[in-house]
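Following: one structure in structure tokens, then a few remarks.
Just so it is clear, the values below take in all heavy atoms, side chains as well, and ignore hydrogens, waters and symmetry mates. Remember, it's 1-based here, ligands and their atoms both numbered in the order they're listed. Throughout, residue positions are numbered sequentially from 1 according to the sequence presented.
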Amino acid sequence: MASSTLCVDESAGVTDSTCGRWSSSGVTFQKKADKLELPTTYGAPNVQTDVTLVSEFKQLKLEKEAQKNWDLFYKRNSTNFFKDRHWTTREFEELKACREFENQRLMMLEAGCGVGNCLFPLLEEDRNLFVYACDFSPRAIQFVKQNSCYNPDTCKAFQCDLTKDNLTDEISADSVDVATLIFVLSAIHPDKMHLAVENIYKVLKPGGCVLFRDYGLNDHAMLRFKTGNRLGENFYVRQDGTRSYFFTTEYLQLLFTKAGYREVCNEYVLRETVNKKEGLCVPRVFVQSKFHKPE
Ligand SMILES: C[S@@+](CC[C@H](N)C(=O)[O-])C[C@H]1O[C@@H](n2cnc3c(N)ncnc32)[C@H](O)[C@@H]1O
């Protein structure tokens, strides 16, 4: 079922037409979609009928260079690309709901934290948090540590490949109350997503949960990919070599339940990005879900 309750904006600030990213400049904004139906690929025939996939050789190279490509992304964009995620709705409410008693200090993991656009607003808003924050890109972690709000009493940032490095090397097993995966799993090869999800499972407390938000199938970012960018089903490469998967709720449900999680909620969030100046209105599709580790 699609939901219309939360405004999601996954990027902002810089228009990056060369990367195939859909960024909002100062004149774009998002509004709730009127029709709660998933958009079709009509008008973007290349997306579904493009049978030509990127060659196996190039695909292997992209996988090998995934970390380098994200690091170069942060070298080019520094901390300016993704908008600070000052969500006042889900994350903050969820954190409150996770507490068994008032003022309980929650242990959180932000998996794939980037440069901290979600991390720092959360720490600012909620004084009773300790957040482990990890990312693939050493440069992103460096930016997090250099941020004037970074404080080792409330945060530990470390570099980590979620599909390879054991989180238990940095975080005690069964110790995390809430983990977030915000536009991260889409950047990981579909064959390896389960490794990230299983890795997080080990550090979650029984009863702890994962809050997930990412691109949904037929999001505008998917429809605008040109022929030659398709890596596989619902999986595309941008010009800067970073990749993006577009999720269905069914896919996500299978991925998490196979790893032992139970689904709490799992739904599409539909929005329209409106650019009045350019007369554009495009469909945005996100998936927002919550899975928990059974007690
Ligand atoms: C679209 S960005 C989102 C960053 C951040 N979550 C936010 O919302 O601003 C995707 C992030 O996933 C990270 N990432 C990609 N693959 C990863 C992996 N295997 N392990 C850890 N992080 C990864 C990238 O370095 C990048 O910072």
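Between Asp135 and ligand 1, a contact under 3.5 Å exists for at least one N or O pair. Of the N or O atoms in Leu162, one or more lie within a sub-3.5 Å distance of an N or O in ligand 1. Backbone and side-chain nitrogen or oxygen atoms of Phe136 are examined, and one is located within less than 3.5 angstrom of a nitrogen or oxygen of ligand 1. In terms of polar-atom proximity, Ile188 is not counted as a contact of ligand 1, lacking any N or O under 3.5 Å from an N or O of the ligand.
Checked against Phe212 for a ring pair (Phe, Tyr, Trp, His ring centres under 6.0 Å), the options Phe247, Phe291, Phe286 give a single hit: Phe247.
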Which pairs of donor and acceptor atoms, one on a side chain in residues 199-211, lie under 3.5 Å apart (sequence neighbours left out)?
from	atom 1	to	atom 2	distance (Å)
Asn199	OD1	Leu167	N	3.1
Asn199	ND2	Leu162	O	2.9
Asn199	ND2	Asp165	O	2.8
Lys205	NZ	Asp177	OD1	2.9

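Of the heavy atoms in Cys160, only backbone atoms (N, CA, C, O) come closer than 4.0 Å to ligand 1. Contacts with ligand 1 closer than 4.0 Å are made by no heavy atom of Phe73, backbone or side chain.
Nearest-residue assignment for atom 27 (O) of ligand 1 (options Trp70, Tyr74, Phe183; heavy-atom criterion): Tyr74.
Proximity to Cys113 (heavy-atom distance under 4.0 Å) selects the following atoms of ligand 1: 5 (C). Within the listing of ligand 1, atoms 4 (C), 5 (C), 6 (N) sit less than 4.0 angstrom from a heavy atom of Gly112. Residue contact check: Asp161 has heavy atoms under 4.0 Å from atoms 18 (C), 19 (N), 20 (N) of ligand 1.
Pairs passing the side chain to side chain donor-acceptor pair (under 3.5 Å) check and including a residue from residues 135-154, sequence neighbours excluded, read Asp71-Ser137.
You'll find the ring centres of Tyr215 and Phe183 inside the 6.0 Å limit.
Between Asp126 and Arg99, at least one side-chain N (NZ, or NE/NH1/NH2) sits under 4.0 Å from a carboxylate O, which counts as a salt bridge.
When the shell of 6.0 Å around CD of Glu250 is examined, it contains more than 12 heavy atoms from other residues, nucleotides or ligands.
Side chain of Glu263 to backbone of Thr257: no donor-acceptor contact under 3.5 angstrom is found.
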